[in-house]
Each structure stands twice: as structure tokens, then as C-alpha cells.
Engineer: 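I have a structure here, written as C-alpha cells, and I will follow up with some questions on it.
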Amino acid sequence: MVPREYLARIRPGDPDDPLLRQVLPLDAEGRIVAGYGPDPLGERAATAAPGLVRKYATRALLLAAPVCAVNCRYCFRRHFPYAEVPRGLTAMEPALEELRADPTLDEVILSGGDPLVLPDETLARLVARLESIPHLTRLRIHTRLPVVIPSRVDDALLGWLRGTRLTTLVVVHVNHPNELDTSCRAALRRLVQNGVPVLNQAVLLRGVNDDADTLAALCRALVDISVIPYYLHALDPVSGTAHFAVSDKEGLALVDELRRRLPGYAVPRFVREVEGEPSKVDLGTHGWQEAAPW
Ligand SMILES: *Cc1c(COP(=O)(O)O)cnc(C)c1O
Ligand code: SF4
């Protein structure tokens, strides 16, 4: 599934188009590759209530929607059991109860699927429930919708985002500068102009953004619209995605090159998610492991 707005940014007739590569199913996905599995991040084990993932201290992930607006072929939740994600607020009660019961939590991350596929009325009601939990101070929304369907950033969305007592942040997902067309840039700017900081997470992908020119252009285009390049993720070893892999050594060299070309705030942290770790592993600090399966 790919929205028309996103398709319009793909160059017709170019099988190597970096946006097409992100969404086009390939035969290579069927290959079984050692080290790649259905749940490399151990999210199933970290599920505290239906839809609630507790992997990190002080923040919890609420998987608020079972679908996305686009199916990214490298998605780390490709094999996630979305049938277990609650549909509707009533089904979210156990997750909300768990959030209420743990005063060490101060942030909720709405994730998915993509939480912004839900109607604004549902989101506003969910946010009202989260606001009623006194120890929560921040709401983070992980979404690709402002990128793939920029018109989703409308008055209704900005209404509940601006209206909440919670400090809101939006984390989007852009991998290539061609994704940032005029309407996408306008949507992201609109979030920022309404007082919502916007951060970007990209995934380092073979054949999409694994060269310094593309990554530098992406980071520059982001900071030009006040979006901070937050993370550059090493690919999670999810089965069916091995053809996108870039070695950590190459990734580190690319980020070093970005550091030479860009202001410090425009250089993302190069990270990997490792099952059981309390935070992402910063590969720039910890280096790469020759023997790792990736
Ligand atoms: C890393 C990650 C988080 C947590 O983000 P931090 O910014 O490290 O707190 C939440 N959701 C997903 C899917 C992540 O990969
Ligand atoms: S938008 Fe994010 S969660 Fe949805 S398919 Fe793409 S990578 Fe996966």
C-alpha cells in the first residue's frame, strides 16, 4: 500500500528510484538470511499490556493503531502481531491502567502502525485520557503520515496537539531528500510553527541513502525546515530485509563524512536497537563489531 501523494514523488520508469525501493516488494525478501528473524527487538517479550511496550525507562510505547499509511519494505515491525493491538479506547484500558500505575513514567510514545491513521476525535479522546494521568508530562508521536500524506497535518490535528497540557514532540521518518517535496515541507513546517518540535529518524538503507551526498542533502533539507536529524538507524535484522543492509563500518564512515560537511546539530546519531538494552546503542561511541550478524 502506497498513497498517491508519495507515488507522485517517484521518478517514472526508474527501477532504482530511492523512494520506489522503499515500498516495492522484491524477490530478495524471500531469502532466509542467518541473523534475521521475525522479532529481532524482542518487542513481544516487552509487551506489558495489549499495545503497551515497556522497553525503556521513563517512557512507554503505546501502539495506538494497527496499520500504517504505507508499507515500508524494511519495517522492523513487518512481522508484528498487529491483531493484538487494541482497537478503540475501551480495548486500551489495560494499557492506560498500566501507565497510570507507574509514576516513574513521564512520557508516552504513540506508535503503531501509525497513530495518525486514527481519526482526530479518537486521538483527542486518547490524549485527554493520557492528560488525566498526573505523572505524564510529555507526549511523543512517531508517525510517517506528514511525509506520505502531508494533508494529514490539518487544523483538526493541530487543534488537539496545541490544546493538550502535555508537551508534544513529533518524530517523523524521512530517508531520502526526494521525499521532502513542497507539500511535505509545508506540513512539517506547520507543525514546527505551531510549537511542536519535529525530529527525524532515518534508516540507513542500501540503494536508498547509503552515500554521503544523499545523506548530507537529506540532513540539510531537514534543518532548513527546522526539523532536527535525530537518529540514523542501522537496519534492524528483520527477516525479508537483508538486501537493505549496510555494514556498521560503512555507516560510521558515512556519519564521519557528514560531520565534516555539516553543522553539529545537523548530524544524526548513528544507532542500533539491541534487544534487552535499556536504550539504543550509539555506534559512534561503541564502535562496530566485526563479528556481529549484521
Ligand atoms: C528508539 C525508539 C524509541 C525510543 O526513542 P528514544 O528517542 O531513544 O527515547 C521508540 N520507538 C521506537 C520504534 C524506537 O526505535
Ligand atoms: S511507517 Fe514506520 S511502522 Fe509503518 S511500515 Fe513504515 S517503517 Fe514500519
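Counting convention: from 1, in listed order, for ligands and their atoms alike.
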Engineer: Looking only at protein heavy atoms, which one is nearest to atom 2 (Fe) of ligand 2, and what is the separation?
Structural biologist: His173 ND1, 3.9 Å

Engineer: Is the shortest distance from a heavy atom of Asp114 to ligand 2 less than 4.0 Å?
Structural biologist: no

Engineer: In the protein, what heavy atom is nearest to atom 6 (Fe) of ligand 2, and what distance, to one decimal place, separates them?
Structural biologist: Cys72 SG, 2.3 Å

Engineer: Is a side-chain donor-acceptor pair under 3.5 Å present for Arg100 with Ser132?
Structural biologist: yes

Engineer: Any side-chain donor-acceptor pair under 3.5 Å between Arg152 and Thr143?
Structural biologist: no

Engineer: Should the heavy atoms of other residues, nucleotides or ligands under 6.0 Å from CZ of Arg4 be counted, would the total exceed 12?
Structural biologist: no

Engineer: Give me the nearest non-hydrogen protein atom to atom 8 (Fe) of ligand 2 as residue plus atom name, then the distance to 0.1 Å.
Structural biologist: Cys75 SG, 2.3 Å

Engineer: Is the shortest distance from a heavy atom of Arg140 to ligand 1 less than 4.0 Å?
Structural biologist: yes

Engineer: So which of Glu43, Arg59, Arg269 gets nearest to atom 9 (O) of ligand 1, if we judge by its closest heavy atom?
Structural biologist: Arg59

Engineer: Is the shortest distance from a Lys or Arg side-chain nitrogen in Lys55 or Glu273 to a carboxylate oxygen in the other one below 4.0 Å?
Structural biologist: yes

Engineer: Between Arg269 and Asp282, is there a salt bridge with N-O shorter than 4.0 Å?
Structural biologist: no

Engineer: Assess Arg77 for proximity to ligand 2: is some non-hydrogen atom of it under 4.0 Å away?
Structural biologist: no

Engineer: Identify whether the distance between the nearest side-chain nitrogen and carboxylate oxygen of Arg144 and Glu179 falls below 4.0 Å.
Structural biologist: yes

Engineer: With a 4.0 Å cut-off on N to O distance, would you call Asp16 and Arg11 a salt bridge?
Structural biologist: no

Engineer: Under 4.0 Å from any heavy atom of Phe76, which atoms of ligand 1 are there?
Structural biologist: 13 (C)

Engineer: Could you tell me whether any N, O or S atom belonging to Cys68 is less than 2.8 Å from atom 8 (Fe) of ligand 2?
Structural biologist: no

Engineer: Heavy atoms only: which of Lys280, Arg77, Glu273, His233 is nearest to atom 15 (O) of ligand 1?
Structural biologist: Lys280

Engineer: What atoms of ligand 2 come closer than 4.0 angstrom to any heavy atom of Val70?
Structural biologist: 5 (S)

Engineer: Pull out every atom of ligand 2 sitting under 4.0 Å from any heavy atom of Arg144, numbered as shown with elements.
Structural biologist: 1 (S)

Engineer: Could you see which bit of Leu61 sits under 4.0 Å from ligand 1, with heavy atoms only: side chain, backbone, both or neither?
Structural biologist: side chain

Engineer: For Gln201 and His233, which I'm curious about, is there any donor-acceptor pair between the side chains at under 3.5 Å?
Structural biologist: yes

